[in-house]
Undergrad: 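The structure follows.
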There are 2 protein chains.
Amino acid sequence: MTGIRRLAQHLDISIGTVSRALNGRPDVNEETRRRVLQAATELGYVPNQSGRSLRQGTTNIIGFMMQTGTEITGQGDTFFMSVFDGIQTVFARHRLDLVALLCSSSEDPDDYLKRVVARGFADGLILSATQRHDPRFEFLAKRKIPFVTLGRSLTDVGQPWLDLDFEGMAQISIDRLVARGHRRIAVTRPHDDVNLGHLFVDQSARALAGHGLALDPELIFSSLPNEAGGYQVARQLLAMTDRPTAILLVNETIAIGFYRGLSEAGVKPGRDIAIIGRQSPQSHFLSPSLTGFTLSRRDLGIALAEALLATMPAFSHLYPDADPRKVWSEDLIEGESDAHTLPA
Amino acid sequence: MTGIRRLAQHLDISIGTVSRALNGRPDVNEETRRRVLQAATELGYVPNQSGRSLRQGTTNIIGFMMQTGTEITGQGDTFFMSVFDGIQTVFARHRLDLVALLCSSSEDPDDYLKRVVARGFADGLILSATQRHDPRFEFLAKRKIPFVTLGRSLTDVGQPWLDLDFEGMAQISIDRLVARGHRRIAVTRPHDDVNLGHLFVDQSARALAGHGLALDPELIFSSLPNEAGGYQVARQLLAMTDRPTAILLVNETIAIGFYRGLSEAGVKPGRDIAIIGRQSPQSHFLSPSLTGFTLSRRDLGIALAEALLATMPAFSHLYPDADPRKVWSEDLIEGESDAHTLPA
DNA sequence: CTGACCACCGTAAACGTTTACGGTACTATG
DNA sequence: CATAGTACCGTAAACGTTTACGGTGGTCAG
């Protein structure tokens, strides 16, 4: 005798009543419910998830899909850890288990997702590393699997998304640098077809145009979104005959490598070149200090979780006014790296 | 009509036969098996995991438990990503799904593990961030849940483990530095009760003793295992009146912060102080280049996976000679950071 | 007193598998 | 021809839940 049956036998009531009592159904005497609950903790009863899943067709699992290898995630991975933390706190409230689904860099993300879905693994998914055209969205929409994405995409199937305000960052950065006299301003972007690259570069160009300036195509640097990428960008930039006087770094981690590349050539941030980037736990150890954007990754995670729950029928009533699509502005932390000013 | 029943009806055979055919049982005609397999792909049939789990009492899931926050994992998290990658490749061969269970830094790892186990989540577990005394081991052993740990512990319940050869690294480093004339050699260790700290410091002391030297307790620096920790160590070290002439860095990530702290004071690695650390993707961007240990994290992951499978009854026959307990030696990559030599 | 209503509870089916058991038809052996 | 053996397949139980449905006993209004 195991499971709910054991509990029922012990209390000398039926398993139906036990189940109802545990699941908070109204049609059960409060006194019996109390007894059931007590016996459950006493006997250490915990419902079998397989039985429950089989019956209800739901797994109580939410998957957060990421990709291994910093070359792909590009945020130094600690970014996602913090976001994950925020998501976890929300789901824990609803007894939903959050797991990380790490797609190996050697596997196609689309195939990986198909496997996960075919297995009926999760009730909902959170997708990151969204591509500019992302076939995963259509796939999930067709299967009617609730999901939310971290990052916008041109592929729109009506799913909720959250994203960082890359346009805003570009605009603020450009305005700031132009005001300091810069005319030749470089920007970086990830090497692959991830959407944020387009958003960032395009808005940088528009912002420059607003000042009557153009974005020189030569000054758009594609890089791996990690330290190595930043280093490469520095080398390329230093090798140019007509160097830019300022640069925008779109990724969090590349500043480390970029600084290194500069210092090898004796070029000092804030004195010889102006830099605006993104803050990270690592960037605090850069010198001169980095001027860069920052936000609470944990809050972002919380918002992601709530956006997903809002689309899941079983929970949507709890989050009636969750923002289905929102851009998160980052705050600019002023450092020394963009102090470089040109004469008017 | 759904699932296996639909398939059976479509083929006009019984569900039992279908199941046997799909699961590779011997007592089914090869011709019918072929037909079943073909129909399965045609109709896109994929067995329901809940039904299967309920019947077999197994989930086909392996969990890799880590902790969020670099303050805890200490390896810059990219370490675990690579290990994860290796594990994944092995499990994929056996149709086991690997998920990452990320314990939030705000939750007690023991409680988290209990929740996971109570839910019957996984058939096996891989534990990281092993403490010197780790109650999780006894808990899992009592429940007879197969698990393997990345990292040794004083708590021994007979579980398999893999670990890095911290003793070997300490020995080699000390020998090397002593040969270069160093007498006052500092070591770092994580601030908490994680086992590797003890292994590393103790062996360093023994190695020094082998040369007739003692490890000055003042030269044992506890630090957070991240960039900030390395920076703090540098500050403390520089503030000492009787500075060490060499130092061993036990973590991968702290070199970044340590270098920064030194450079602020104009102290140059390899010229003013000798440093031996651990290589990481980030450390390649340090200058002067870091002398440090390295190993294939992916191979480590593969070995971890095989060690776990060897303890699982359903798979143990496939890995008869998997090493249940093994220390992985790292290779020393010679850089410039330990060039500093003292006169005899 | 009768009927309706209500609060609570028990019964049993259903979810989709796997697998022990037994049955059938055919082959080989004496 | 009788028997044993074999190859293959169908039947049905079991895994642990949830939940629709119906039943029981009580209360209360008419």
Side-chain angles (χ1 to χ4, degrees), chain A residues 1-37 39-40 43-61 95-97 117-121 123 313-314, chain B residues 1-37 39-40 43-61 94-97 117-123 313-314:
Chain A
M1 192 68 64
T2 66
I4 206 173
R5 258 182 197 83
R6 192 164 107 81
L7 204 54
Q9 192 181 34
H10 180 257
L11 290 164
D12 199 32
I13 57 181
S14 79
I15 61 170
T17 304
V18 174
S19 176
R20 278 188 295 263
L22 292 172
N23 292 13
R25 301 264 150 177
D27 54 346
V28 45
N29 188 301
E30 280 308 321
E31 166 62 15
T32 43
R33 187 193 306 280
R34 199 193 52 71
R35 284 179 57 220
V36 169
L37 255 24
L43 301 192
Y45 168 77
V46 27
N48 178 297
Q49 184 59 38
S50 299
R52 177 173 267 186
S53 294
L54 182 57
R55 174 63 216 232
Q56 311 200 110
T58 164
T59 64
N60 272 14
I61 298 177
R95 305 198 179 291
L96 288 171
D97 290 315
V117 169
R119 198 187 187 295
F121 197 97
D123 294 344
Chain B
M1 192 69 64
T2 66
I4 205 174
R5 258 183 198 83
R6 191 162 107 81
L7 205 54
Q9 193 182 31
H10 179 256
L11 290 164
D12 199 32
I13 58 180
S14 79
I15 61 170
T17 305
V18 174
S19 176
R20 277 189 296 262
L22 292 172
N23 292 14
R25 302 264 151 181
D27 53 346
V28 45
N29 188 302
E30 279 308 320
E31 166 61 15
T32 43
R33 188 194 305 281
R34 198 193 50 73
R35 286 179 54 219
V36 169
L37 255 23
L43 302 190
Y45 169 77
V46 27
N48 178 297
Q49 184 59 37
S50 299
R52 177 174 266 185
S53 293
L54 181 58
R55 173 62 215 238
Q56 309 200 115
T58 163
T59 63
N60 272 14
I61 297 176
H94 303 292
R95 305 201 178 289
L96 288 171
D97 290 315
V117 170
R119 196 186 188 297
F121 197 97
D123 293 345

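Below, all heavy atoms of this structure are taken into account, side chains as well, without hydrogens, waters or symmetry copies. Chain naming here is simple, since letters A, B, ... match the order of the sequence lines and numbering starts at 1 in each. Bear in mind the structure is a predicted one, so any value in this text is a computation, not a measurement.
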Undergrad: Donor-acceptor pairs are to be reported for all side-chain atoms of residues 3-12 of chain B against protein atoms at under 3.5 Å, with residues two or more places apart or in another chain.
TA:
none

Undergrad: I need the CD-C1' distance between B:E30 and D:dC9, as an integer number of Å.
TA: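 One finds 14 Å between C1' of D:dC9 and CD of B:E30, rounded.
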Undergrad: Between B:S53 and B:T58, is there a donor-acceptor pair closer than 3.5 Å when you use the side chain of the first and the backbone of the second?
TA: yes
Undergrad: Report the C-alpha separation of B:I61 and B:F121 in whole Å, then their side-chain angles, then the decisive distance to 0.1 Å, and conclude whether the side-chain contact (heavy atoms from CB on, under 4.5 Å) test is met.
TA: CA-CA 7 Å; B:I61 297 176; B:F121 197 97; 3.8 Å; yes
Undergrad: For A:E31 and C:dA7, what is the distance between atoms CD and P respectively, to the nearest whole Å?
TA: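 Atom CD in A:E31 sits about 18 Å away from atom P in C:dA7.
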Undergrad: For B:Y45 and B:V18: C-alpha separation, side-chain torsions, deciding distance, then whether side-chain contact (heavy atoms from CB on, under 4.5 Å) applies.
TA: CA-CA 11 Å; B:Y45 169 77; B:V18 174; 5.7 Å; no
Undergrad: Round to a whole Å and report the spacing from CD of B:Q9 to P of D:dC9.
TA: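 From B:Q9 CD to D:dC9 P: 19 Å.
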Undergrad: Is any side-chain heavy atom of A:E30 closer than 4.5 Å to a side-chain heavy atom of A:R34?
TA: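 Sidechains of A:R34 and A:E30: no contact.
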Undergrad: Quickly work out the B:R34 CZ to D:dC8 C1' distance and round it to whole Å.
TA: 17 Å
Undergrad: Name the pairs: protein N/O against N/O of nucleotides 15-19 of chain C, kept only if under 3.5 Å.
TA:
{"from": "C:dC15", "atom 1": "O2", "to": "A:R55", "atom 2": "N", "distance (Å)": "3.3"}
{"from": "C:dG16", "atom 1": "OP1", "to": "B:T2", "atom 2": "OG1", "distance (Å)": "2.9"}
{"from": "C:dG16", "atom 1": "OP2", "to": "B:T2", "atom 2": "OG1", "distance (Å)": "3.1"}
{"from": "C:dG16", "atom 1": "N2", "to": "B:G51", "atom 2": "O", "distance (Å)": "3.2"}
{"from": "C:dT17", "atom 1": "OP1", "to": "B:Y45", "atom 2": "OH", "distance (Å)": "2.9"}
{"from": "C:dT17", "atom 1": "OP1", "to": "B:N48", "atom 2": "N", "distance (Å)": "3.1"}
{"from": "C:dT17", "atom 1": "OP2", "to": "B:I4", "atom 2": "N", "distance (Å)": "2.6"}
{"from": "C:dT17", "atom 1": "O5'", "to": "B:Y45", "atom 2": "OH", "distance (Å)": "3.0"}
{"from": "C:dT18", "atom 1": "OP1", "to": "B:N23", "atom 2": "ND2", "distance (Å)": "3.1"}
{"from": "C:dT18", "atom 1": "OP1", "to": "B:R52", "atom 2": "NE", "distance (Å)": "3.0"}
{"from": "C:dT18", "atom 1": "OP1", "to": "B:R52", "atom 2": "NH2", "distance (Å)": "2.9"}
{"from": "C:dT18", "atom 1": "OP2", "to": "B:S19", "atom 2": "OG", "distance (Å)": "2.6"}
{"from": "C:dT18", "atom 1": "O2", "to": "B:R55", "atom 2": "NH1", "distance (Å)": "2.0"}
{"from": "C:dT19", "atom 1": "OP2", "to": "B:R25", "atom 2": "NH2", "distance (Å)": "2.6"}
{"from": "C:dT19", "atom 1": "O4'", "to": "B:R55", "atom 2": "NH2", "distance (Å)": "3.3"}

Undergrad: Measure from CE on B:M1 to P on C:dA14 and round the result to the nearest Å.
TA: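 In whole Å, C:dA14 P lies 12 Å from B:M1 CE.
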Undergrad: In whole angstrom, give the distance that lies between atom CZ of A:R35 and atom C1' of C:dC8.
TA: 14 Å
Undergrad: Describe the nucleic acid contact of B:S53 in one word from base, sugar-phosphate, nothing, applying a heavy-atom distance below 4.0 Å.
TA: nothing
Undergrad: Hey, is the main chain of A:R25 close enough, under 3.5 Å, to the side chain of A:R33 for a donor-acceptor pair?
TA: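 Yes.
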